[in-house]
Amino acid sequence: MDNLTHSLVGWALAETGLKHRTRKGMAACILAANLPDIDVFFGWAPWAPLAMHRGFTHGLVGGVVLLPPVLAVLLWLLDRWQLANGKVATDAPRMHFGWLLALSWLGAITHPLLDLQNVYAVQLLSPATGRWFHTDGLFIVSPWLLAFLGFGIWRARKGKSGKPAIVALLITLAFILVNMAISAMAWRAPTTDVPYAQPDRIFASPEPLLFWRRNVVWRAGGAITHGRFDPLRSAARLLDYGQQVADNMSLPVVKRAAMATPEVRDFLAWSQMPTARVERDGCNVTVTFGDARFAGPVMAGGFQETVSLKEC
């Protein structure tokens, strides 16, 4: 999910009344809700789970267990410095490190649970395994969540009551659960009705505004197929689907290109539904790797790696 949504979730948690439990309570909720994205600064790291975006820092071990105490200690040290320099408001709640730590853990766990909702997926069990998990419950930037959470926070602050924030969080949870159920139906649709596919990998990406619709993509037998699902039209079958397109990943020249550069190797380690386009010009071969999840004209350019080879 986008960092605005992560921040609003942390802010809404704080506005339920948790921000009054300790000084820096608001900061703990909001910063912890964004903390796992610290991995964007470690793409250079020699340890693959840390270098992988949505890897170790988004897992239950790194992001949920280990990082929040670091944040809590840093906020506690900041508070000690502010206290020593007279920069703490007289009406601020007292510092309670136990609550600070609890709020850091609470904020942090919301991050992978939200990122789990979109097709980019998350390595929840990193570093034990590099397996990707996803529920396909939300578009990566959901205007609906922004509206629910933003309105709840505004009402909570205006009315000086935590109830609107609690209601907003409950509505957000219900919205996510409903969309998870819709995506589960979309996953089944290609297998229980035409085209009766047997996919080894399938994703169902929600649309941002018409959230009940799904753009479905699956891989079966080395071929990629795209389809559309709308539960308001049918809860059991696809609205339509296209022709199978070979992913080309088994071609000898593609296998050679897959090992050609560190950038391509990293891309394929991240990609969950890789595809390859092969273009030949005499002895020159250009292989462009992509990911079928992001094959649209808007997204594809940002999710590609190209390799040039010679065959003679």
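Of all non-hydrogen atoms in Leu8 and Gly150, the two that sit nearest each other are CD1-N, 4.4 Å. Here the closest heavy-atom approach between residue Ala236 and residue Asp193 is recorded as O-CB, 4.0 Å. Summarising the geometry of Ala186 relative to Ala204, their closest heavy-atom pair is CB-CB, 3.7 Å, with the distance given to 0.1 Å. Taking each heavy atom of Ala197 and Thr191 in turn, the nearest pair found is O-CG2, 3.4 Å. Residues Pro199 and Ala220 share a closest heavy-atom pair of CA-CB, 4.0 Å. Scanning all heavy atoms of the two residues, the minimum distance from Pro206 to Arg214 falls at CB-NH1, 3.4 Å.
You'll find the side chain of Thr5 stays beyond 4.5 Å of the side chain of Ser142, heavy atoms only. Side-chain contact between Leu60 and Val65 is absent, with no heavy atoms from C-beta onward closer than 4.5 Å. Using a 4.5 Å heavy-atom threshold, the side chains of Met52 and Asp39 count as separate. At least one side-chain heavy atom of Pro143 sits under 4.5 Å from a side-chain heavy atom of Leu209. Two residues are said to be in side-chain contact when any heavy atoms from C-beta on lie closer than 4.5 Å; Thr225 and Pro190 fail this criterion. Between Val70 and Leu35, every side-chain heavy-atom pair lies at or beyond the 4.5 Å cut-off.
Residues Leu106 and Leu31 do not share a hydrophobic cluster, defined by chaining ILVMFWY side chains whose heavy atoms lie under 4.5 Å apart. A single hydrophobic cluster is not seen to contain both Leu83 and Val73; linkage of ILVMFWY side chains at heavy-atom distances under 4.5 Å, directly or through other members, places them apart. Residue Val40 is grouped with residue Trp47 when hydrophobic side chains (ILVMFWY) are merged at heavy-atom distances under 4.5 angstrom, including chains of intermediate members. The cluster map of Ile, Leu, Val, Met, Phe, Trp and Tyr, joined by side-chain heavy atoms under 4.5 Å apart, puts Leu238 and Ile182 in the same cluster. Hydrophobic clustering, with ILVMFWY side chains joined whenever heavy atoms are under 4.5 angstrom apart, groups Tyr196 together with Val216.
Taking Arg23 as the reference, Asp79 meet the side-chain hydrogen bond (donor to acceptor under 3.5 Å, both in side chains) condition, with sequence neighbours excluded. Trp187 is linked by a ring pair (Phe, Tyr, Trp, His ring centres under 6.0 Å) to His134, counting only residues two or more places apart in sequence or in another chain. Every side-chain contact (heavy atoms from CB on, under 4.5 Å) that Asn3 has, sequence neighbours left out, goes to His6, Asn34, Asp37. Residues passing the salt bridge (Lys or Arg N to Asp or Glu O under 4.0 Å) test with Asp240, sequence neighbours excluded: Arg228. The side-chain contact (heavy atoms from CB on, under 4.5 Å) test applied to Ala276 returns Asn248, Met249, Val254, Val287, Phe289, not counting sequence neighbours. Applying the side-chain hydrogen bond (donor to acceptor under 3.5 Å, both in side chains) test to Trp144 and every residue at least two apart in sequence or in another chain returns nothing.
From Asn118, atom CG reaches atom CD1 of Ile140 across 4.5 Å, with rounding to the nearest 0.5 Å. With rounding to the nearest 0.5 Å, the separation of CZ in Arg213 from CG in Leu232 is 8.5 Å. A distance of 6.5 Å separates CG in Leu67 from OG1 in Thr57, rounded to the nearest 0.5 Å. Distance check, rounded to the nearest 0.5 Å: CD of Gln272 to CZ of Arg293 gives 4.0 Å. Between the CG atom in Leu103 and the CG atom in Leu71 there is a gap of 10.5 Å [rounded to 0.5 Å]. A distance of 11.0 Å separates NE2 of His53 from CD of Gln123, quoted to the nearest 0.5 Å.
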Indicate every side-chain donor-acceptor pair of residues 90-101 with a distance under 3.5 Å to a residue at least two apart or in another chain.
{"residue": "His96", "atom": "ND1", "partner": "Gly98", "partner atom": "N", "Å": "3.3"}
{"residue": "His96", "atom": "ND1", "partner": "Trp99", "partner atom": "N", "Å": "3.2"}

Check residues 156-177 and write down every donor-acceptor pair under 3.5 Å in which the side-chain atom is one partner and the other belongs to a residue at least two apart or another chain.
{"residue": "Arg157", "atom": "NH1", "partner": "Glu15", "partner atom": "OE2", "Å": "2.8"}
{"residue": "Ser161", "atom": "OG", "partner": "Lys163", "partner atom": "N", "Å": "3.3"}
{"residue": "Thr172", "atom": "OG1", "partner": "Ala168", "partner atom": "O", "Å": "2.9"}

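Under 3.5 Å, the side chains of Asp136 and Ser183 contain no donor-acceptor pair of N or O atoms.
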Assess the residue pair Phe56 and Leu66 against the criterion (side-chain contact (heavy atoms from CB on, under 4.5 Å)); give the C-alpha distance rounded to whole Å, side-chain angles, the decisive distance to 0.1 Å, and a yes or no. CA-CA 10 Å; Phe56 177 70; Leu66 299 181; 4.0 Å; yes
Report the C-alpha separation of Gln304 and Phe267 in whole Å, then their side-chain angles, then the decisive distance to 0.1 Å, and conclude whether the side-chain contact (heavy atoms from CB on, under 4.5 Å) test is met. CA-CA 8 Å; Gln304 289 183 347; Phe267 178 83; 5.7 Å; no
Checking side-chain contact (heavy atoms from CB on, under 4.5 Å) for the pair Met1/Leu113: CA distance, chi angles, key distance, verdict? CA-CA 10 Å; Met1 301 299 294; Leu113 291 180; over 6 Å; no
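More than 12 heavy atoms of other residues, nucleotides or ligands sit less than 6.0 Å from atom CD of Glu311. Other residues, nucleotides and ligands place more than 12 heavy atoms under 6.0 Å from the CH2 atom of Trp132.
Between the Asn85 side chain and the Lys87 main chain, no donor and acceptor come within less than 3.5 Å of each other. Panel note: side chain Trp212, backbone Asp230; no donor-acceptor pair is recorded below 3.5 Å. Between the side chain of Thr129 and the backbone N or O of Leu125 there is no donor-acceptor pair closer than 3.5 Å. For Thr135 (side chain) and Leu116 (main-chain N/O), a donor-acceptor pair under 3.5 Å exists by modelled atom type.
For residues 98-116, the set of pairs meeting the salt bridge (Lys or Arg N to Asp or Glu O under 4.0 Å) definition, not counting sequence neighbours, comprises Arg54-Asp115. The salt bridge (Lys or Arg N to Asp or Glu O under 4.0 Å) contacts involving residues 195-212 comprise Asp200-Arg219, where partners must be two or more places apart or lie in separate chains. Each ring-ring contact (aromatic ring centres under 6.0 Å, His included) pair with one or both residues in residues 226-253, not counting sequence neighbours, would appear here, but there are none. Applying the salt bridge (Lys or Arg N to Asp or Glu O under 4.0 Å) rule to pairs touching residues 258-272 yields nothing, sequence neighbours excluded.
Ring orientation note: the planes of Phe294 and Phe303 are close to parallel, at an angle under 30° on the 30°/60° scale.
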